[in-house]
Every structure is written in structure tokens, then in C-alpha cells.
Amino acid sequence: TSDLILNRQLPPTSGFSDILQNVGKTENNGFEISLDAIPIKAGDFTWRTNINWSKVNQEVVSLTSGVERITIASGFSSVQVIAEPGKPFQLSAIPYLKDEATGRPIIDPNTGRRQAGAVESFGSVLADWTGGWVNNFSYKGFNLSATIDARWGGVMKSATVEDLQQQGLVTETLRNREGSFIDTAGVLDNGDGTFRDNDVPLLNAEDFWANSLDGGGGNVSEPYIFDASFVKFRELAISYTFNSKQLGDNFLRGLTVGIEGRNLALLYSKVPHIDPEASLFGSGADGFGIERASVPSTRSVGFNVRLTF
């Protein structure tokens, strides 16, 4: 894909927020598989099924001359969606300062809080693959259809989860509220290149959730970045079609009544408390992979009548 036209962010000192610009080239390739089958057809009963699976690989081939990386979208706490040559769109954020040997966060011995590290990429914001499964069951005039779809792979940062935890509004923040609180996941630097288990207490549980998890004010986003995979029960519809004998001799040639629901259930997700499809920038924006106080997908139930004259 040439002519990669995006809203490129500008420095605040320019007096403008962004500029629509041709920033480079990307390469997209992939494939899609669709399988249709009728597993059962017996008398008046028929079961039809369709399975769809697709995978798209994206890579930024090049950027405008002299530009090594471009910010596609920016959220909060130094979180950015960036484009770099040789990679798909990446989520860039601040992790914890860690012991390289174990990957455990290094604790500040004076406060008991975790510390901020240097900005790094947490992976692609794009899905590895998407898929769907549609089943249709019919018996005489009755028809039932159900749709399940999935998105697998990619990462996202949830500022909603961050706010909920920092304000103590979710169940995981109940631990040790009334007692001492030591971050046992962290380590202390012995000063000689070795580390030991942390034994420095925080002020309380609130200090852990509100201050330590973001690196003691270091804008750390690591604990709020999740695998964006999900499986949803997307749609269920039930209908009945009256035959000509039931309708009798009148002006109606056909009548179908039904009820249907959409976005009925989130069957699997690694992102707690929110809809993993949510985005700070909206579905039509260039940015994705960042969520903040976003409205989840609306569950809807409707009734329909179709008349044929």
C-alpha cells in the first residue's frame, strides 16, 4: 500500500495538534478461508454451518525521508501507537525497571514502590487473526441462527482498568486493605549486582494500587496493557414463517415474525472489566490499541415482522 495517509501529530509548540500527511508505505498480505457445510439434513430439519477465518500481515515498509518513527495516535501516560519500518503498528509505553535475570520489578528501597524503566514496544496492536462461526437450524417454519466471532492477538492499553484500580473500585483491590502491604512480586537491588526479595512495606494497599503500579508517578503503563484477544456471542435470531395454508385466502402472501439479539455475551477475554473492542479514538480513527472510559458495544434485542403482499 503506497500513500499511507495519516494524521501525523505535531509538537504542541507548533500551535497545531496534527497534520494530514503522506507518511510512507505499508505492505499488507494475507488470506481468508471460508467453509460452508450442511452437517445434518433429515426430513424437515436442516443444520447449516459456516466457518470463516482470516489472517492479515502488515508491515511498515518505509516512512517519509529522514523520519525513523511516526506517532499514529497518542493516549495518556506516554502511551503511543507508532509506525516504524520493518514492523506492524506498535504500542509504545513505559514498563517497570526490572531485574534482567528474572524480569521482576525493582523496588525503591525508600518507598517500597515500583520504579519506571525506559520506553519500549509491547507488540502489535493488530490482531493475528479473526474468525467467525455461523450456525443456522431450520425445522418446518422455524429458523434459529447463531453467530460467534473472535479476534486473536494484538495488545491494548486500558486506562479504564487503570482508573478503576487506582480508585479501589474493583475486587482485586480488596487484598490487605486493613493490614500491611508488601509488594512480593518485586526485588531489591543489593548494590553488588544481585537482588533479593522485597521486604520494604508500602504505606498501605492504596499506596500500591494508586502509586506503586504506575512506577511511583513514572507514568508506567505495563500493568494495564493486555492481550486484546476475545470471543463474542455476536448474534442470535429466532423466527417463524407462516405457510400459505396457515395464512389462508387473503391479501397476505407471506408472514415471518422473529426476535433477534446482538452483542449478547463476551465469552472470553483477557482484559478485565471492559469491552476489549473499545477504543479511545473510535472505530473510524487511525489509532487503536488504547482505551479510556470508552462506551462498550451495546447489547440490543429487537422484534421484527416481515410481510409479503
Side-chain angles (χ1 to χ4, degrees), residues 73-82 90-123 125 155-229 266 269-276 278-280 289-296:
S74 180
F76 300 85
S77 301
S78 303
V79 181
Q80 296 178 329
V81 179
I82 61 171
Q90 303 281 302
L91 186 67
S92 172
I94 299 175
Y96 293 121
L97 183 65
K98 297 175 183 175
D99 168 19
E100 293 183 0
T102 63
R104 296 170 67 184
I106 299 174
I107 301 299
D108 184 337
N110 298 311
T111 63
R113 299 173 181 172
R114 302 185 184 188
Q115 302 178 79
V119 174
E120 67 177 42
S121 171
F122 281 83
V125 297
V155 296
M156 69 176 296
K157 193 264 182 172
S158 173
T160 298
V161 174
E162 179 180 8
D163 290 343
L164 290 172
Q165 291 183 350
Q166 288 184 354
Q167 297 175 39
L169 299 177
V170 282
T171 55
E172 58 264 31
T173 65
L174 294 174
R175 182 168 60 95
N176 288 350
R177 282 196 175 187
E178 304 303 326
S180 62
F181 200 108
I182 295 177
D183 186 355
T184 56
V187 294
L188 293 170
D189 189 344
N190 292 321
D192 59 1
T194 63
F195 295 86
R196 69 180 189 275
D197 290 341
N198 174 45
D199 56 10
V200 178
L202 289 147
L203 296 176
N204 46 38
E206 181 182 1
D207 192 25
F208 174 76
W209 294 103
N211 300 313
S212 181
L213 281 190
D214 77 343
N219 288 328
V220 170
S221 295
E222 181 175 348
Y224 316 113
I225 294 175
F226 304 96
D227 181 340
S229 302
L266 179 60
S269 173
K270 290 188 175 181
V271 188
H273 312 305
I274 69 159
D275 182 352
S279 172
L280 172 64
I290 303 174
E291 178 277 336
R292 183 181 181 89
S294 303
V295 178

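Values reported hereafter were calculated over all heavy atoms of this structure, with side chains retained and with hydrogens, waters and symmetry mates removed. We count residues from 1, following the sequence as given.
- Not a single donor-acceptor pair under 3.5 Å links the side chain of Asn190 to the backbone N or O of Asp192.
- Between Asp207 and Leu202, the closest heavy-atom pair is OD2-CD2, 3.4 Å.
- Heavy atoms only, all atoms of each residue included: Ile182 and Pro201 are closest at CG1-CA, 3.7 Å.
- The shortest non-hydrogen separation linking Ser279 to Ser294 is O-OG, 3.2 Å.
- A donor-acceptor contact shorter than 3.5 Å is absent between the side chain of Asn176 and the backbone of Gly179.
- A heavy-atom distance below 4.5 Å is not found between the side chains of Phe226 and Ser269.
- Closest approach of Val79 to Ser221, counting heavy atoms only: CG2-OG, 3.0 Å.
- To the nearest 0.5 Å, atoms CG (Asp108) and CD (Gln115) are separated by 5.0 Å.
- Proximity of Ile290 to Met156: side-chain heavy atoms (C-beta onward) are nowhere separated by under 4.5 Å.
- Asp197 meets the salt bridge (Lys or Arg N to Asp or Glu O under 4.0 Å) test with Arg104; sequence neighbours excluded.
- Taken from CG in Leu203 to CG in Asn211, the straight-line distance is 8.0 Å, to the nearest 0.5 Å.
- Gln166 places a side-chain heavy atom less than 4.5 Å from the side chain of Asp214.
- The salt bridge (Lys or Arg N to Asp or Glu O under 4.0 Å) check on Asp199 picks up nothing, with sequence neighbours excluded.
- The distance from atom CZ of Arg114 to atom CD1 of Ile107, rounded to the nearest 0.5 Å, is 6.0 Å.
- Two residues are said to be in side-chain contact when any heavy atoms from C-beta on lie closer than 4.5 Å; Val161 and Glu291 fail this criterion.
- Remark: Phe181 engages Phe208 in a ring-ring contact (aromatic ring centres under 6.0 Å, His included) (not counting sequence neighbours).
- Listed here is the closest heavy atom pair of Val125 and Gly289: CG1-CA, 4.1 Å.
- For Ser121, the side-chain contact (heavy atoms from CB on, under 4.5 Å) partners two or more places apart in sequence, or in a different chain, are Gln90.
- Side-chain polar atoms of Gln165 and His273 form no donor-acceptor pair below 3.5 angstrom.
- Counting only distance, with no hydrogens or angles, the side chain of Ser158 and the backbone of Tyr224 share no donor-acceptor pair below 3.5 Å.
- In this structure, the side chains of Ser212 and Asp183 come closer than 4.5 Å at one or more pairs of heavy atoms.
- Under the side chain to side chain contact (heavy atoms under 4.5 Å, CB included) test applied with Val187, the options Ile106, Thr194, Asn198 reduce to a single match, Ile106.
- Taking Phe195 as the reference, nothing meets the ring-ring contact (aromatic ring centres under 6.0 Å, His included) condition, with sequence neighbours excluded.
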Below 3.5 Å, can you tabulate the donor-acceptor pairs from side chains in residues 91-98 to any protein atom, sequence neighbours excluded?
| unit_1 | atom_1 | unit_2 | atom_2 | d |
| --- | --- | --- | --- | --- |
| Tyr96 | OH | Leu213 | O | 2.5 |
| Lys98 | NZ | Glu222 | OE1 | 3.3 |
| Lys98 | NZ | Glu222 | OE2 | 2.6 |

